[in-house]
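By convention here, the first residue in the shown sequence is residue 1.
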Amino acid sequence: MRILYAIQGTGNGHASRAIEIIPFLQRKATVDVLISGYQCELKFPFDIKYKLYGLSFIFGKKGGIDVWKTLQKIKLKKLYNEIQSIPVQNYDLIINDFEPITAWAAKLKNVPIISLSHQNAVLDDKAPKYGTYKFERLILKYYAPANVKFGFHFKPYSSATFSPIIRKDIRYRNSTNKGHYTVYLPAYSDKKIIKVLSEFKNVKWEVFSKHTDTHKYKNNITIKPINGNDFIKSIASSAGVLCGAGFETPAEALYLRKKLLVIPMKNQYEQQCNALSLQEIGVTVLKKFNKNQYSKIAKWVKTAKIIEVSYPDITEDILDAITLPFYNQSILPTIV
């Protein structure tokens, strides 16, 4: 059986999940890997057969997506050519983690595809929804279309939603507390982060930034370029984690039993929904990152509250369940 595993390259979450999933698939099938987009910093322990330009969202420095830069980066003709040229018909199955090129190619060429992503869980009817962002919901729904969808979320909202896949570097890491706080807010500038966090002079902050390639020091704040190993070491030995309301980093912090404070990106529907889900389980959420939030940040630093979660290692079970029908006469699963 030949499988094409397709990864969205905006951010590192899709990639870290792929690093855990692909070795299991390789035990039972021939697996080729495709990545599209240009915002991923992780290194892969396997070959990438297809590297495409695709579509990526560009992080800004004021707490949200830089819409203008994102639009400037879109190349519609290239996108069309990539959809037409990718040979999805050569595969028995496409497994897609919110990757648009293979999703649309499979749809147009009637190739079996399973969508396996956090975004699917966000769209689940029973998952919390933020406001009336109908346009944003449509983007999530049609960005990488598929008829067969499974998702990951902080808690199960339906039978098609699984608990987060925790990478082995986190799952088997010894969790300690060396007193510092790990910070990952890629949608904010280093200047903004320093301005807010410098008010907490007795707290040591380790900030990982997309906006620098060198180490910087400002009193009690260290700014570091993003490095996978350094980030894992920092989060595992931290007193707490301050980050955006993405999926993988909050899930890893919760698994390591770290205090967690999240700030959803502005005008980012998925993160706003994630924040609602995290609030449901007791995580502290800030709407903004500015001086008006000092008291809430101070209260969070002082608290000893830990959120208890259960994220068992069931990656192989999940993959067996969703791919078994394809091994058996290639019948599509009935869960949609």
Side-chain angles (χ1 to χ4, degrees), residues 12-13 16-17 19-21 116-122 124 126-130 150-185 200 203-206 208 231-264 270-287 293 295-318 321:
N12 297 320
S16 64
R17 186 157 49 241
I19 290 171
E20 297 304 312
I21 286 176
L116 186 63
S117 71
H118 169 60
Q119 287 75 16
N120 290 336
V122 171
D124 191 291
K126 297 181 180 179
K129 302 293 187 296
Y130 179 80
F150 299 91
F152 304 95
H153 219 317
F154 299 111
K155 56 186 283 190
Y157 290 101
S158 73
S159 61
T161 301
F162 306 113
S163 58
I165 290 179
I166 305 298
R167 48 183 164 166
K168 290 181 177 61
D169 284 342
I170 293 290
R171 185 172 292 280
Y172 301 113
R173 177 77 53 166
N174 184 32
S175 181
T176 61
N177 184 350
K178 294 185 178 180
H180 67 270
Y181 286 80
T182 301
V183 181
Y184 180 53
L185 295 170
F200 304 90
V203 180
K204 182 180 179 182
W205 305 98
E206 290 190 1
F208 288 83
F231 182 74
I232 291 173
K233 290 178 182 178
S234 179
I235 193 174
S237 60
S238 70
V241 177
L242 167 58
C243 63
F247 182 59
E248 280 71 23
T249 297
E252 290 176 349
L254 289 169
Y255 179 81
L256 290 169
R257 303 186 77 254
K258 301 298 180 181
K259 291 193 300 183
L260 179 61
L261 174 63
V262 301
I263 307 169
E270 179 189 335
Q271 289 211 5
Q272 297 291 342
C273 293
N274 287 347
L276 292 176
S277 179
L278 288 166
Q279 278 185 317
E280 286 184 351
I281 62 175
V283 172
T284 302
V285 175
L286 297 184
K287 291 184 178 181
Q293 306 300 317
S295 62
K296 293 181 180 179
I297 296 173
K299 182 179 179 181
W300 173 73
V301 168
K302 292 178 181 178
T303 186
K305 182 181 179 181
I306 299 295
I307 308 299
E308 298 290 345
V309 297
S310 176
Y311 295 155
D313 188 0
I314 57 172
T315 303
E316 188 168 15
D317 295 335
I318 292 170

Approximate separation, where rounding is to 0.5 Å, of [X] [atom1] and [Y] [atom2]:
X	Y	atom1	atom2	answer
Leu260	Cys243	CG	SG	5.0 Å
Ile318	Leu116	CD1	CG	7.5 Å
Cys273	Leu278	SG	CG	11.5 Å
Arg17	Ile19	CZ	CD1	11.5 Å
Leu256	Thr182	CG	OG1	10.0 Å

Tell me every residue that passes side chain to side chain contact (heavy atoms under 4.5 Å, CB included) with [X], counting only those two or more places apart in sequence or in another chain.
X	value
Ala121	His153, Thr161
Ala245	Val262, Pro264, Gln271, Asn274, Ala275
Lys204	His180, Glu206
Ile307	Leu254, Ile281, Val283, Lys305, Val309

Apply salt bridge (charged side-chain N to carboxylate O under 4.0 Å, His left out) to [X] and list each qualifying residue two or more places apart in sequence or on a separate chain.
X	result
Lys155	Glu280
Arg171	none
Lys168	Glu20
Glu252	Arg167

Item to complete: Check the side chains of Ser175 and Lys258 for a donor-acceptor pair under 3.5 angstrom, ignoring hydrogens and angles.
Response: yes

Is any side-chain heavy atom of [Y] closer than 4.5 Å to one of [X]?
X	Y	value
Ser310	Ser163	no
Phe152	Asn120	no
Gln293	Lys287	no
Leu261	Val301	no
Leu242	Ile297	no

Worksheet entry | Residue Lys129 excluded, over 12 heavy atoms near NZ under 6.0 Å | yes

Response to the item:
Closest heavy-atom pair, Ala251 versus Tyr311, reported as atoms and distance to 0.1 Å, is O-CE1, 3.8 Å

Practice prompt. Under the side-chain contact (heavy atoms from CB on, under 4.5 Å) rule, what do Ile306 and Lys259 come out as? Steps first, then yes or no, please.
Written response: CA-CA 6 Å; Ile306 299 295; Lys259 291 193 300 183; 4.0 Å; yes

Discussion item. Strictly distance-based, threshold 3.5 Å: is any side-chain N or O of Ser238 a donor or acceptor partner for the main-chain N or O of Ile235?
Written reply: yes

Discussion item. Determine whether Ile166 and Asp313 satisfy the following criterion, side-chain contact (heavy atoms from CB on, under 4.5 Å), listing intermediate values before the conclusion.
Written reply: CA-CA 8 Å; Ile166 305 298; Asp313 188 0; over 6 Å; no

Response to the item:
residues 237-261 vs ring pair (Phe, Tyr, Trp, His ring centres under 6.0 Å), sequence neighbours excluded, gives His118-Phe247, Phe154-Phe247

Item to complete: Classify the ring geometry between Phe150 and Phe162 as parallel (under 30°), tilted (30 to 60°) or perpendicular (over 60°).
Response: parallel

Under the side chain to side chain donor-acceptor pair (under 3.5 Å) test, residues paired with [X] that sit two or more places apart:
X	value
Thr303	none
Asp169	none
Ser277	Tyr157

Worksheet item: Would a line drawn from the ring center of Trp300 to the ring center of Tyr181 be shorter than 6.0 Å?
Response: yes

